[in-house]
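Presented below is the structure to which this report refers.
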Amino acid sequence: GQSLEQPSEVTAVEGAIVQINCTYQTSGFYGLSWYQQHDGGAPTFLSYNALDGLEETGRFSSFLSRSDSYGYLLLQELQMKDSASYFCAVRSGTDKLIFGTGTRLQVFP
Amino acid sequence: EADIYQTPRYLVIGTGKKITLECSQTMGHDKMYWYQQDPGMELHLIHYSYGVNSTEKGDLSSESTVSRIRTEHFPLTLESARPSHTSQYLCASSETGSGTDTQYFGPGTRLTVL
């Protein structure tokens, strides 16, 4: 079967750095995406990795290791507004995304 | 900013009723998707479309049906709603050839079947 595993919950304080891991097992792989979803809101795109390495976008960075079927999202200088659920998603082919189980991030003052 | 709309935002309905959840996008995207998501849980793909007159079932079996008569419109229909259909339904769209395969999501319809 196809699966993407993430920790269910992560907590941190404002200003800290947090890493959310994602391990995947899929029949095909074209890229790993990350989406943010606030409670009651819609998922919004954060980042995409098709090749190994680190992609940086402001306070957020995303890493991919295809040989390890592993990636992570790194959030720096955490702010209260970063409290949300974060989903990794794999494009395994034909433009469909398979979403991970989601990680709920709680940022405390 | 993504221009994808869903109506209604909230719907409470009795068992056995027929319902249609509307989804429209003004970005001209050829691909559209329907996901089902329970609170705090992952998104499950239930239907997708690669263009007009193209629809496919997703990875999660669903009793709903979809149609794609116009590029911008992708409604989802439940012929006979049941309490097990209670969930949030999210519509999304994406553009062919987009290097990042970004999907843009609508605000969702939260459906409750009594």
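- Proximity to chain A is absent for every atom of Q6(B), based on heavy atoms less than 4.5 angstrom apart.
- Within 6.0 Å of CD in E77(A) there are 12 or fewer heavy atoms belonging to other residues, nucleotides or ligands.
- The environment of I69(B) atom CD1 is sparse: at most 12 non-hydrogen atoms of other residues, nucleotides or ligands sit within 6.0 angstrom.
- Linking ILVMFWY residues whenever their side-chain heavy atoms come closer than 4.5 Å, directly or via other members, places I13(B) and Y89(B) in the same cluster.
- In summary, the aromatic rings of F105(B) and F45(A) are positioned with their centroids too far apart to meet the 6.0 Å limit.
- In R66(A), the CZ atom is crowded: over 12 heavy atoms of neighbouring residues, nucleotides or ligands sit closer than 6.0 Å.
- Tracing side-chain contacts under 4.5 Å through hydrophobic residues (I, L, V, M, F, W, Y), one reaches W34(A) starting from Y24(A); they form part of the same cluster.
- Using a 4.5 Å cut-off on side-chain heavy atoms (C-beta onward), K96(A) and E56(B) make no contact.
- Using a 4.5 Å cut-off between side-chain heavy atoms of Ile, Leu, Val, Met, Phe, Trp and Tyr, with links allowed through other members, I4(B) and F74(B) fall into different hydrophobic clusters.
- Atom CD of E42(B) sits about 12.0 Å away from atom OG of S85(A), to the nearest 0.5 Å.
- Here the CG atom belonging to L90(B) is positioned 6.5 Å from the CD atom belonging to Q37(A), to the nearest 0.5 angstrom.
- Here the CD1-CG distance, from I98(A) to D59(B), works out to 6.0 Å after rounding to the nearest 0.5 Å.
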Next on the checklist: Before you tell me yes or no, could you show the steps for L43(B) and F87(A) under side chain to side chain contact (heavy atoms under 4.5 Å, CB included), namely the whole-Å CA-CA distance, both residues' side-chain angles and the distance that decides it to 0.1 Å?
Outcome noted: CA-CA 9 Å; L43(B) 289 82; F87(A) 294 88; 4.1 Å; yes

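- With a 4.5 Å cut-off on non-hydrogen atoms, S33(A) touches chain B through its side chain but not through its backbone.
- Under the 4.5 Å side-chain heavy-atom criterion for grouping Ile, Leu, Val, Met, Phe, Trp and Tyr, F60(A) is connected to V107(A) within one hydrophobic cluster.
- For Q6(A), no part lies under 4.5 angstrom from a heavy atom of chain B.
- Proximity to chain A (any heavy atom under 4.5 Å) is restricted, for L45(B), to the side chain, taken from C-beta onward.
- Under the 4.5 Å side-chain heavy-atom criterion for ILVMFWY residues, a single connected hydrophobic cluster contains both V90(A) and I20(A).
- Taking each heavy atom of G106(B) and A42(A) in turn, the nearest pair found is O-CB, 3.0 Å.
- The contact between F99(A) and chain B is made by backbone and side chain atoms together, counting heavy-atom distances below 4.5 Å.
- Residues Q103(B) and Y35(A) have side chains in contact (heavy-atom distance under 4.5 Å, counting atoms from C-beta outward).
- One distance of note links CG of L97(A) with OH of Y33(B); it measures 6.5 Å at 0.5 Å rounding.
- Options T44(A), T101(A), L4(A), N49(A) differ in how many heavy-atom pairs under 4.5 Å they form with chain B, and the most are formed by T101(A).
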